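First comes the structure, then the notes that go with it.
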There are 2 protein chains.
Amino acid sequence: MDNWDDLRIFLAVARDESLSAAGRRLRMDAATVGRRVARLEESLGAPLFAKSPQGYALTEAGSRLVRFAEEAEQATSQASEALVGRTEGLSGQIRIGAPDGCASFLLPQVCARIADRNPDLDVQIVALPRVVNLSRREADMAIAVSPPSAGRLVVQKVTDYRLHLAASDAYLAAHAPIAVPEDLKGHRAVGYIPDMIFDKELDYLGELGVERVPLASNSVAVQFHWLRQGAGLGIVHDFAMPTAPGLRFVLREQISLTRSFYLVRHADDRRLERQTRFAEALVAGMREELTRLELLAEQGGPPG
Amino acid sequence: MDNWDDLRIFLAVARDESLSAAGRRLRMDAATVGRRVARLEESLGAPLFAKSPQGYALTEAGSRLVRFAEEAEQATSQASEALVGRTEGLSGQIRIGAPDGCASFLLPQVCARIADRNPDLDVQIVALPRVVNLSRREADMAIAVSPPSAGRLVVQKVTDYRLHLAASDAYLAAHAPIAVPEDLKGHRAVGYIPDMIFDKELDYLGELGVERVPLASNSVAVQFHWLRQGAGLGIVHDFAMPTAPGLRFVLREQISLTRSFYLVRHADDRRLERQTRFAEALVAGMREELTRLELLAEQGGPPG
DNA sequence: TGCCTCCTTTGCAAAAACGCAAAACGCCTT
DNA sequence: AAGGCGTTTTGCGTTTTTGCAAAGGAGGCA
């Protein structure tokens with residue numbers, strides 16, 4: 001086996017019985033999936049699937065392989081968990097600063113799980129509508145949407161996340177259907193207060209060319225509740241969608257934004273074993289939770 | 001875990017405690033190995049090794065990971081074996097045609113193992129100094145060094161193999177040391193009979209610019225025994241080297257050839273389940289054996 | 001029959017990964 | 001104390017891989 005990763009692709013195709021379905025799940029092009037399967041077959045010297053325009057069906061050789069691919073899958077997923085669980089025995093207090101979207105929809109679950117495993121640990125989340133000042137020790141570490149350039153700081157990228165336009169079912173039912181970006185004209189926008197945007201990465205509506213924001217707040221949570229109540233249209237973090245069953249994506253295919261979270265710490269704090277271990281668990285936990293939520297969001301709403 | 005294959009690289013580095021050593025074992029550049037490890041660390045969000053100019057040492061997080069990487073390794077290696085072992089219950093007779101180098105040094109072990117697992121199966125190896133004529137049913141399937149272009153045949157690449165100059169210890173001791181290609185002048189060449197070369201891929205010496213071949217045979221085995229007895233210098237399949245402890249590579253770094261084996265069958269025979277299963281086992285077995293022998297050959301001889 | 005949809009496959013251009021070579025670094029020996 | 005040897009790291013050109021778009025088929029339905 002020259003490339004273990006081909007086994008991962010194989011398993012997805014075996015389960016979906018189709019290149020295109022497996023591609024969607026793996027977030028890869030179907031052509032790539034097909035080529036990876038072909039490479040594995042060549043490497044193994046045996047046909048794994050019976051190919052047809054209706055899909056991929058396992059051959060006898062292929063079905064023999066599934067069991068071992070599943071064992072490998074279990075090993076790799078346990079590998080990730082082995083690092084997530086690295087916090088046992090932490091104690092004391094740790095304070096995290098974060099923008100309020102992250103603080104509201106992501107950190108609570110993640111920190112709760114870490115706290116569950118560490119009864120003597122106190123976790124504090126500081127949600128702030130501005131960049132946290134680590135030098136003044138407003139927090140032990142911070143989540144940011146742009147990597148800071150100045151200061152003796154160490155930055156680690158946590159993960160990408162996606163944002164889309166959304167509105168409530170009720171709002172959408174009360175207005176003409178929105179099929180193309182031009183249909184947005186005349187709708188009421190919900191967003192940030194333009195002159196209180198503390199990081200250019202947050203200027204979502206500006207990037208989309210929206211000029212007026214009739215309903216504005218410096219808090220993502222407030223915007224979110226406006227949308228939920230059917231007050232208008234606005235940008236929502238994908239990972240927040242599962243919280244609000246009544247929300248639907250709008251023009252999801254045409255309008256899509258991607259941003260990133262970064263974990264920022266003092267350079268000096270790198271030696272603090274306790275903080276390092278907490279940071280690792282936080283990063284792993286945030287990635288896991290975000291993947292879970294975005295998948296939920298994607299499946300939850302009908303294609304908008 | 002975005003890419004299972006990074007776990008394979010991780011395991012090699014963990015075992016060798018060095019990028020360069022792992023790179024040699026994996027047949028990859030050390031820089032690539034380092035980058036793959038870095039990617040895995042980023043993906044997991046935790047440092048796996050303590051890096052120093054003396055090598056890579058596992059961190060606590062890294063050593064936690066080893067166990068799961070080993071489980072994945074076991075799963076993948078069993079996956080390969082699951083296909084190799086696919087022949088149980090074969091019976092009857094199967095005849096394979098092959099060029100005599102392959103027939104002598106590779107097929108015997110491979111076919112013996114298959115026969116071991118199939119008491120009712122008779123395997124016949126036809127070693128021929130020419131292309132096997134499958135249309136006339138001289139054999140059920142054949143190994144070739146070039147893919148045939150004509151005929152209703154189905155071709156499958158089996159594997160690459162390497163060839164190098166070699167001579168016996170005794171011969172080398174009796175002559176001036178050979179350090180550069182020019183030193184070859186005046187040495188006695190052992191090779192094919194020029195006008196009996198049945199496939200241009202076999203014209204090794206022609207490719208190297210050798211004009212006279214004082215000791216020539218149409219049989220690789222005969223050439224091999226000449227070399228073994230110290231009769232001169234000639235091209236030897238790497239996979240034949242472990243058979244002759246007295247042989248040494250000459251100018252291995254400077255002069256190196258690569259060829260490929262192909263498995264050829266009748267298009268009509270693809271439906272014969274028995275032959276297909278045998279072919280799969282043959283391909284897998286040849287690859288496994290060749291890898292084993294070339295690794296032995298590489299480690300056996302001192303660098304030439 | 002003819003159209004429509006969903007799938008795979010192929011060609012091509014962009015992006016990522018790779019190997020090579022040089023640089024940088026620490027240890028060991030002379 | 002200085003130079004040699006092994007290592008990792010970095011920059012660069014090349015190869016490989018990937019995604020996209022179009023083409024090619026096979027079934028379903030009017």
Side-chain angles (χ1 to χ4, degrees), chain A residues 1-10 12-43 47-59 62 154 157 160 162 252-254 256 258 260 298 302-303, chain B residues 1-43 47-59 62 154 156-157 160 162 252-254 256 258 260 298 302-303:
Chain A
M1 179 94 30
D2 335 343
N3 191 331
W4 291 5
D5 200 50
D6 288 343
L7 221 49
R8 182 171 63 91
I9 276 72
F10 162 80
V13 177
R15 284 171 174 160
D16 289 335
E17 296 189 326
S18 138
L19 293 186
S20 35
R24 279 190 293 275
R25 187 194 320 212
L26 297 169
R27 296 178 185 276
M28 280 183 178
D29 194 87
T32 303
V33 177
R35 285 184 283 243
R36 299 272 300 256
V37 169
R39 185 173 73 180
L40 180 63
E41 289 182 325
E42 180 150 330
S43 151
L48 266 19
F49 294 98
K51 292 105 179 164
S52 81
Q54 287 78 271
Y56 269 41
L58 282 169
T59 62
V154 45
K157 179 166 170 177
D160 286 340
R162 275 156 287 277
R252 181 164 66 172
E253 313 303 323
Q254 294 92 329
S256 180
T258 297
S260 307
E298 195 171 315
Chain B
M1 177 100 28
D2 334 341
N3 190 330
W4 291 6
D5 200 50
D6 288 343
L7 221 50
R8 183 171 63 91
I9 275 71
F10 162 80
L11 195 55
V13 176
R15 284 171 176 160
D16 289 335
E17 297 189 324
S18 138
L19 293 185
S20 37
R24 280 191 293 276
R25 185 192 324 209
L26 297 168
R27 296 178 186 276
M28 279 184 177
D29 195 87
T32 302
V33 177
R35 285 184 281 241
R36 299 276 295 260
V37 169
R39 186 173 71 180
L40 180 64
E41 289 183 325
E42 181 151 330
S43 150
L48 266 17
F49 294 99
K51 292 104 177 166
S52 81
Q54 286 77 268
Y56 268 42
L58 283 170
T59 62
V154 46
Q156 175 183 19
K157 179 165 171 179
D160 287 338
R162 277 155 285 277
R252 182 164 65 171
E253 313 304 321
Q254 294 90 331
S256 180
T258 297
S260 306
E298 194 173 313

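Being a predicted model, the structure only gives us computed values, none of them experimental. Computation of the quantities below employed the complete heavy-atom set of this structure, encompassing side-chain atoms and omitting hydrogens, waters and symmetry-equivalent molecules. Residue numbers begin at 1 in each chain, while the letters A, B, ... track the order of the sequences.
- Per the geometry, CG belonging to A:Asn3 stands 15 Å off P belonging to D:dT16, to the nearest Å.
- Mapping heavy-atom proximity under 4.0 Å, the span of DNA chain C touched by chain A runs 5' to 3' from C:dC7 to C:dG11.
- Across all their heavy atoms, B:Phe49 and B:Glu41 have their closest contact at N-OE2, 3.2 Å.
- Remark: P of D:dT16 and CZ of A:Arg39 are 12 Å apart, rounded to the nearest angstrom.
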So which protein N/O to nucleotides 8-10 of chain D N/O distances come out below 3.5 Å?
from, atom 1, to, atom 2, distance (Å)
D:dT8, OP1, B:Leu19, N, 2.5
D:dT8, OP2, B:Ser20, N, 2.9
D:dT8, OP2, B:Ser20, OG, 2.9
D:dT9, OP2, B:Tyr56, OH, 2.6

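- By the 4.5 Å heavy-atom criterion applied to side chains, B:Lys51 and B:Tyr56 are counted as neighbours.
- The nearest pair of heavy atoms linking A:Met28 to A:Ile9 is CE-CD1, 4.0 Å.
- When atom types are taken as modelled, the side chain of A:Asp5 and the backbone of B:Trp4 share a donor-acceptor pair closer than 3.5 angstrom.
- In terms of heavy atoms, B:Leu26 sits closest to B:Ala12 at CD1-CB, 3.8 Å.
- For A:Glu42 and D:dT16, the CD to C1' distance is 15 Å, given to the nearest whole Å.
- Checked against salt bridge (charged side-chain N to carboxylate O under 4.0 Å, His left out), A:Arg25 has the following partners two or more places apart in sequence or in another chain: A:Asp16.
- Side chain of B:Thr59 to main chain of B:Leu48: a donor-acceptor pair is present (N/O by atom type, distance under 3.5 Å, no hydrogens or angles).
- The heavy-atom pair separating A:Met1 from A:Leu40 by the smallest distance is SD-CD1, 3.9 Å.
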